[in-house]
Amino acid sequence: MKIQLYNTLSKSIESFSPLNEQVGMYSCGPTVYNYVHIGNLRSFLFADTMQRVLKTVGNYDVRWVMNITDIDDKTIRDSAIGSPTWNPLIGEQTNDVHKNLSMLTEFYTSEFLRDIADIGIDTTQIHSMPRATKFIPQMQELITKIYENGFAYIADGSVYFNVEKWQDHAHYGQLFTIDKTEFKKGVRIDADEYEREHVSDFVLWKAKKDNEPSWEYHLDGQILDGRPGWHIECSAMEYELLGLPFDIHTGGLDLRFPHHEDEIAQSKAGYGIDPTVFWCHNEFLLVEGKKMSKSLGNFFTLRDLVQKGYDPNDVRFYMISAHYRSLFNFTFEALDASVKGRIRIQEFIDTLLETTSFKENATIEDINELETKMMVAFANDLHVPKALSTLFIFINNFDFLSLTLQRQQLLLQLFSKLNAIFSVFRLEKLEKPVDEIPEEIKELAAQRDKAKRNKDYALADSLRATILERGYTINDASDGYILVKNGK
RNA sequence: GGUUCCGUAGUCUAGUGGUUAGGCAGAGCUCUGCAAAAGCUCCUACGUCGGUUCGAUUCCGUCCGGAACCUCCA
């Protein structure tokens with residue numbers, strides 16, 4: 001099925017056609033200086049959903065690359081000798097700044113991988129996760145090209161991209177309308193002490209500072225040891241791992257400027273090619289209506305939620321059930337509601353799995369229609385909420401009395417396909433848990449049943465209360481009763 | 001100040017120039033000694049004020065409110 005995607009470049013939904021057999025997709029990954037929070041996770045869930053829809057609905061083969069930023073201001077700051085934020089779990093700090101940097105970033109990279117696996121991102125589908133520090137020569141090569149093409153200059157040992165000059169040559173501001181004369185008054189002009197010709201210029205290569213990791217670099221006969229700027233890493237790694245142009249570039253909305261705008265400028269100024277065809281950005285996440293921040297106490301990592309007793313699967317289902325381009329308000333009330341919604345679908349699947357008696361001669365048109373509608377929704381700019389709503393309507397109107405073996409098989413096939421995107425449903429019969437109800441509880445339940453039959457309701461109710469206190473619930477049925485653990 | 005997005009029932013999320021949404025919560029009914037569970041039913045909204053139109057929640061404008069970005073935040 002043809003997929004439609006919103007492209008930030010055109011600010012409209014466009015029909016997607018891959019450039020080559022294999023769809024090339026690049027996602028801006030994390031800066032590994034701390035645990036990722038749920039806002040970061042939204043961005044990666046979006047990229048994963050994109051990849052899953054391309055594969056499941058579009059039938060494409062996808063080559064997905066997600067970078068790991070392991071060199072930048074924050075990783076340097078937090079790995080610096082004597083850093084107050086050094087996590088003891090990483091190990092002992094050394095006197096080697098390079099070693100400390102890699103200890104810090106390797107630690108948080110593996111924690112990141114654990115988190116995204118926990119939340120159901122299919123890490124097996126990530127073709128590669130390049131570390132910025134492993135591509136320094138390629139970045140230097142690109143910077144040299146940009147310099148030789150006349151769009152960069154050296155100042156104070158750093159290399160800057162000359163935006164002014166680039167603007168005479170190409171459109172700068174494709175992803176974000178920029179009016180330099182209207183920059184907010186009082187906005188920070190330059191946090192660095194570097195010399196830039198213009199405020200709008202951005203750094204490609206930063207001069208070496210004492211006690212910071214640095215790499216050798218020679219340009220135009222000058223020794224410019226230092227480290228890469230932030231934007232250059234993506235441009236260089238995309239070129240190396242996907243080739244330009246590739247099909248889709250994903251990232252958070254905040255990255256469209258300056259990060260992605262600068263990526264475009266760099267690739268075009270250096271390689272002479274646009275990086276990608278589709279720029280796709282996800283909206284942000286709020287928590288209880290506010291921007292997530294540590295000072296507001298509404299800052300959460302996946303681990304925090306797990307600690308509160310939430311299943312990562314439920315967090316996943318909740319977060320992907322909102323459209324990626326809408327501002328997502330994360331609330332615990334809505335998360336709880338979403339858990340119940342997920343369980344309803346699961347219960348439908350369970351009933352489907354358990355049904356063994358069938359009718360004959362029933363139509364399958366409604367199932368085909370459900371499938372088509374859901375796939376159309378996914379294909380329409382990954383419209384998960386629309387797809388879900390369609391599914392709920394179907395489930396609500398479904399009559400199990402109409403189930404035939406063929407209908408059962410079709411539905412299970414459909415759920416299997418849906419799970420290639422949702423990845424939160426269980427599609428095998430649940431092994432009946434071994435009888436874990438203690439004998440004494442069973443005994444109490446038997447006594448209560450006897451009391452009830454004798455119409456001694458006072459005794460029956462008090463026994464039921466006792467059982468409830470000990471963690472079990474009696475559900476009466478027409479012929480007997482069922483004992484379950486509380487909350488099940 | 002500039003750029004952009006948003007405002008949908010108690011709540012969260014869709015959508016549309018005309019038959020009225022989906023989830024959760026809530027209410028009622030059936031069942032039940034009473035509950036629980038389950039099933040059925042109900043709760044019909046689009047921030048304000050104008051304009052266009054036979055008809056506007058939808059298109060246009062105004063205002064009010066919220067959010068983001070404006071040089072290294074996903």
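Computed from a prediction, not measured in an experiment: that's the story for all the values here. To find a chain, count down the sequence lines: A is the first, B the second, and so on, and within it residues start at 1. Atoms considered below: every heavy atom in the structure, side chains included; atoms not considered: hydrogens, waters and symmetry mates.
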Atom [atom1] of [X] and atom [atom2] of [N]: how far apart are they, to the nearest Å?
X	N	atom1	atom2	value
A/Phe284	B/C5	CZ	P	17 Å
A/His260	B/C70	NE2	C1'	17 Å
A/Leu388	B/A21	CG	P	19 Å
A/Phe392	B/A21	CZ	C1'	14 Å
A/Asn397	B/U41	CG	C1'	14 Å
A/Glu261	B/U3	CD	P	17 Å
A/His383	B/G15	NE2	P	3 Å
A/Lys373	B/A14	NZ	C1'	14 Å

Choosing from [options], which nucleotide comes nearest the side chain of [X]?
X	options	answer
A/Asn396	B/U13, B/G22, B/C69	B/G22
A/Asp254	B/C73, B/C24, B/U13	B/C73
A/Phe257	B/A74, B/C70, B/C72	B/C70
A/Ile393	B/C34, B/G22, B/C73	B/G22
A/Arg464	B/A74, B/A35, B/U4	B/A35
A/Arg256	B/G33, B/A74, B/C69	B/C69
A/Lys11	B/A74, B/G22, B/U4	B/U4
A/Phe202	B/C72, B/U71, B/U11	B/U71
A/Ala334	B/A25, B/C12, B/A74	B/C12
A/Lys452	B/C73, B/G33, B/G22	B/G33

What integer number of Å spans the [atom1] atoms of [N] and [M]?
N	M	atom1	value
B/U11	B/U71	C1'	39 Å
B/G39	B/U57	C1'	34 Å
B/U53	B/G28	P	49 Å
B/G47	B/C34	P	46 Å
B/C5	B/G23	P	31 Å
B/A25	B/C42	C1'	14 Å
B/U41	B/U48	C1'	36 Å
B/G61	B/A9	P	25 Å

**Request:** Find out whether the Lys NZ or Arg CZ of A/Arg42 is both under 6.0 angstrom from the six-membered ring centre of A/Tyr324 and within 45° of the ring's axis.
**Result:**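 Not flagged: A/Arg42 not positioned over aromatic ring of A/Tyr324.
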**Message:** Both conditions, 6.0 Å and 45 degrees, for the charged tip of A/Lys373 above the ring of A/Phe378: are they met here?
**Reply:**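 So A/Lys373 doesn't make the cation-pi contact.
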**Item:** N/O (side chain, A/Lys340) to phosphate O (OP1/OP2, B/G23) under 4.0 Å
**Value:**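 A/Lys340 to B/G23 OP1/OP2: no side-chain N or O under 4.0 Å.
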**Prompt:** Is any side-chain N or O of A/Asn329 closer than 4.0 Å to OP1 or OP2 of B/G66?
**Reply:**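 So the side-chain polar atoms of A/Asn329 never come under 4.0 Å of the phosphate oxygens OP1 or OP2 of B/G66.
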**Message:** A/His37 and ring-ring contact (aromatic ring centres under 6.0 Å, His included): which single residue from A/Phe330, A/Phe299, A/Phe300 fits?
**Reply:**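 The residue from A/Phe330, A/Phe299, A/Phe300 that satisfies ring-ring contact (aromatic ring centres under 6.0 Å, His included) with A/His37 turns out to be A/Phe299.
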Salt-bridged, [X] to [Y], with N to O below 4.0 Å?
X	Y	result
A/Asp381	A/Lys386	no
A/Arg303	A/Asp115	yes
A/Arg227	A/Glu212	yes

**Prompt:** Relative to the 5' end of RNA chain B, which residue comes earlier, A/Ala337 or A/Lys386, by the nucleotide with the nearest heavy atom?
**Reply:**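 Whichever sits nearer the 5' end wins; that is A/Lys386.
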**Prompt:** Starting at the 5' end of RNA chain B, which residue's closest nucleotide do you reach first, A/Ser338 or A/Arg325?
**Reply:**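 This one resolves to A/Arg325.
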**Prompt:** Short question: side chain of A/Ser389, backbone of A/Pro385 - any donor-acceptor pair under 3.5 Å?
**Reply:**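 Not confirmed, A/Ser389 side chain does not pair with A/Pro385 backbone.
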Is [X] touching bases, backbone alone, or none of the nucleic acid, heavy atoms closer than 4.0 Å?
X	result
A/Ser326	sugar-phosphate
A/Arg448	base
A/Ile474	base
A/Asp72	nothing
A/Gly39	base
A/Leu391	nothing
A/Asp336	nothing
A/His323	sugar-phosphate

Assigned partner base of [N], Watson-Crick or wobble definition, under 3.5 Å:
N	value
B/A38	B/U30
B/G50	B/C60
B/G55	none
B/G65	B/C6
B/A14	none

**Item:** Aromatic centroids of A/His169 and A/Phe151 separated by under 6.0 Å
**Value:**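 Yes, they do, as the ring centres are separated by less than 6.0 Å.
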**Prompt:** Got a donor-acceptor pair under 3.5 Å from the side chain of A/Arg344 to the base of B/C24?
**Reply:**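 Not at all, since no donor on one side and acceptor on the other fall under 3.5 Å apart.
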**Pair of N/O donor and acceptor under 3.5 Å linking B/G33 base with A/Asp461 side chain** =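 Looking at the base of B/G33, it does pair with a donor or acceptor on the side chain of A/Asp461 (distance under 3.5 Å).
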**Asked** If every non-hydrogen atom of A/Asp201 is compared with every non-hydrogen atom of A/Glu164, which pair is closest and at what distance?
**Response**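 Nearest pair, atom of A/Asp201 first, then A/Glu164: OD1-N, 4.0 Å.
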